S.K.: 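A single structure is presented below for examination.
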Amino acid sequence: MQTINHTPALSSTTADRFLEPLSRFIIREFLHGDASLTPETPLLEWGVIDSMTIIDVIVFISEQLGVRVPDEEIRPDNFATLRALSRMLAALDDAARVRGAA
Amino acid sequence: MDFSWTDEQSTLHEQALEFARARLRGRDDDDDRSFARATWRALGDFGALGACLPRAHGGLGLDALTTARVVEGLGHGARELGLVFSACAHLLACAVPVAEHGSAQLQREVLPALASGEQIGANAITEAGAGSDVFSLRTTARRDGDDYVLDGAKSYVTNGPVADQLLVYASTNPAHGYLGISAFLVDARQAGVTRGEPFHKTGLGSSPICPVYLRDVRVPGYRRLGAEGGGAAIFQRSMAWERACLFAAFVGAMARDLELCLEHARGRQQFRKPIGRHQAVAHRLADMKLRLEGARLLLYRACWRLDRGELAALDISLAKLAVSEAAVQSGLDVIRLHGGLGYMSETGLDNGLRDALGSLIFSGTSEIQRDLIARGLGL
Ligand SMILES: Cc1cc2nc3c(=O)[nH]c(=O)nc-3n(C[C@H](O)[C@H](O)[C@H](O)COP(=O)(O)OP(=O)(O)OC[C@H]3O[C@@H](n4cnc5c(N)ncnc54)[C@H](O)[C@@H]3O)c2cc1C
């Protein structure tokens with residue numbers, strides 16, 4: 001697996017800051033390079049997220065993006081689109097930073 | 001790195017071993033041929049049925065590592081693992097998900113009774129067309145006002161014949177696939193729930209299993225666990241607990257196998273010396289010890305990582321695979337090393353192999369564990 005050199009702390013602080021690395025990962029790993037994926041593509045209906053790929057996505061998020069996704073966040077609304085996923089990660093990441101700073 | 005057990009863990013392990021030696025003696029000793037209910041209640045009084053449930057709900061509040069140590073003691077002392085298997089299915093695949101994801105009302109309603117053993121829990125996900133590919137399940141849950149209405153058929157439900165609470169996985173949105181599955185705790189007395197004839201299994205004889213059918217079963221909304229669509233993640237988490245803690249019973253069984261074999265190798269004489277003095281027999285015992293310790297270490301490391309809240313999927317699959325394959329090998333060793341005696345059912349020496357065979361299949365087959373490990377390696 002190719003390592004993505006993405007450091008959330010140095011990148012933009014917008015809610016969409018995880019969009020690009022997630023998109024690159026999903027296109028490369030599950031869509032064989034097909035770049036027609038947009039932030040609003042319905043990932044569940046497209047069958048991108050299944051029992052195996054979700055493990056890869058969560059491991060990628062944890063190891064490469066440094067965000068831990070708790071079980072209760074693994075729900076359809078959070079994985080419906082790239083944008084929803086990216087926003088959930090930003091919220092989790094922000095909450096972890098606040099806890100870290102406290 | 002510290003490999004020592006705390007005093008509490010050692011004491012609980014000893015107590016579990018003693019309990020199992022005294023009470024888990026196989027089917028023939030109990031009051032009811034179909035299910036050893038008196039022994040089940042004794043397991044509840046001992047604390048095993050609520051080992052890792054919160055104290056506030058009647059459990060012992062143990063972590064995964066300590067729970068596994070208790071389960072190892074039970075597996076070590078038991079003559080046959082059926083009831084330990086049933087207890088673990090009840091605790092790890094039904095009660096723990098309720099404790100982790102159930103509503104406050106549901107927890108209050110069922111957890112104390114599950115922890116004490118007054119009620120029996122079961123987990124129902126596998127279907128005729130959804131075994132290893134479990135998330136292709138067809139059971140549906142349709143929203144109707146505040147309730148859900150469930151329809152479908154579950155093929156193998158451990159504790160099904162005696163269960164009071166069934167943790168049923170059903171699709172609330174088939175278009176969402178993996179994230180369209182939700183989990184519901186169904187009261188088994190609910191209209192529309194029927195149970196098929198219990199199956200006769202190769203091993204784990206004191207653990208009952210049957211199919212369960214659901215027809216227009218109305219389940220109140222507060223009995224859904226977690227969010228709608230969150231069922232698959234709940235199931236994966238329950239499998240992490242099950243693969244880590246239930247398989248400690250087989251580690252215990254391997255320890256017992258080794259004791260039995262050592263005793264026989266010292267006492268049985270052939271060619272004017274104990275058979276253990278023949279190098280081929282001694283090496284078999286050395287290999288049994290090696291497999292036991294390797295499997296045990298993998299299992300306890302997986303539990304330790306689970307307790308630390310780490311992503312432990314790879315360690316858990318390694319442990320499940322190592323323990324189950326080693327347990328089968330160990331069961332075969334018992335038979336080989338005892339010669340003709342090992343093959344005579346009257347001796348019960350075949351129990352270990354019979355019980356261990358199932359472990360290759362439930363909680364995800366060996367092939368599926370290898371798939372998960374390969375994925376963890378980035379393949
Ligand atoms: C004792 C016992 C208790 C059980 N208790 C419960 C319970 O309480 N609740 C419940 O819901 N279920 C329970 N089960 C069911 C169990 O989880 C399933 O049997 C198991 O997941 C395998 O499914 P299957 O039997 O349909 O086999 P299949 O999935 O049909 O597998 C058949 C063979 O094909 C292989 N295979 C399948 N897919 C692949 C693949 N992708 N790659 C390589 N090999 C593959 C398998 O490894 C296996 O060797 C229990 C089973 C047993 C034996």
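Heavy atoms only: backbone and side chains are in, while hydrogens, waters and symmetry mates are out. Given the structure is predicted, the values throughout are model-derived calculations rather than measurements. In what follows, chains are A, B, ... by sequence order, proteins preceding strands, each numbered from 1.
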S.K.: Are B:I234 and A:D71 side-chain neighbours, meaning at least one heavy-atom pair lies under 4.5 Å?
M.R.: no
S.K.: Rounded to the nearest 0.5 Å, how far apart are CD1 of A:I55 and CG of B:L372?
M.R.: 5.5 Å
S.K.: With a sphere of 6.0 Å drawn around CZ of B:R143, does it hold more than 12 non-hydrogen atoms of other residues, nucleotides or ligands?
M.R.: yes
S.K.: Can you see which heavy atom on A:I58 is nearest to which on B:L311, and at what distance?
M.R.: CG2-CD2, 4.2 Å
S.K.: Using every non-hydrogen atom in the two residues, find where A:E45 and B:H176 come nearest and quote the distance to one decimal.
M.R.: OE2-NE2, 3.3 Å
S.K.: Apply side chain to side chain contact (heavy atoms under 4.5 Å, CB included) to A:I54 and B:L179, showing your working.
M.R.: CA-CA 10 Å; A:I54 198 157; B:L179 290 179; 4.3 Å; yes
S.K.: So which of B:G376, B:S182, B:A313, B:G309 has the biggest tally of heavy-atom pairs under 4.5 Å with chain A?
M.R.: B:G309
S.K.: Looking at every non-hydrogen atom in both residues, tell me the closest pair between B:E228 and A:P76 and how far apart they are.
M.R.: O-CD, 3.4 Å
S.K.: Please look at A:L43 and chain B and tell me whether the side chain, the backbone, both or neither of the residue comes under 4.5 angstrom of a heavy atom of that chain.
M.R.: neither
S.K.: State whether the number of non-hydrogen atoms from other residues, nucleotides or ligands found under 6.0 Å of B:Y156 atom OH is greater than 12.
M.R.: no
S.K.: Between chain B and each of A:R75, A:E72, A:M52, count heavy-atom pairs under 4.5 Å; write down the option with the most.
M.R.: A:M52
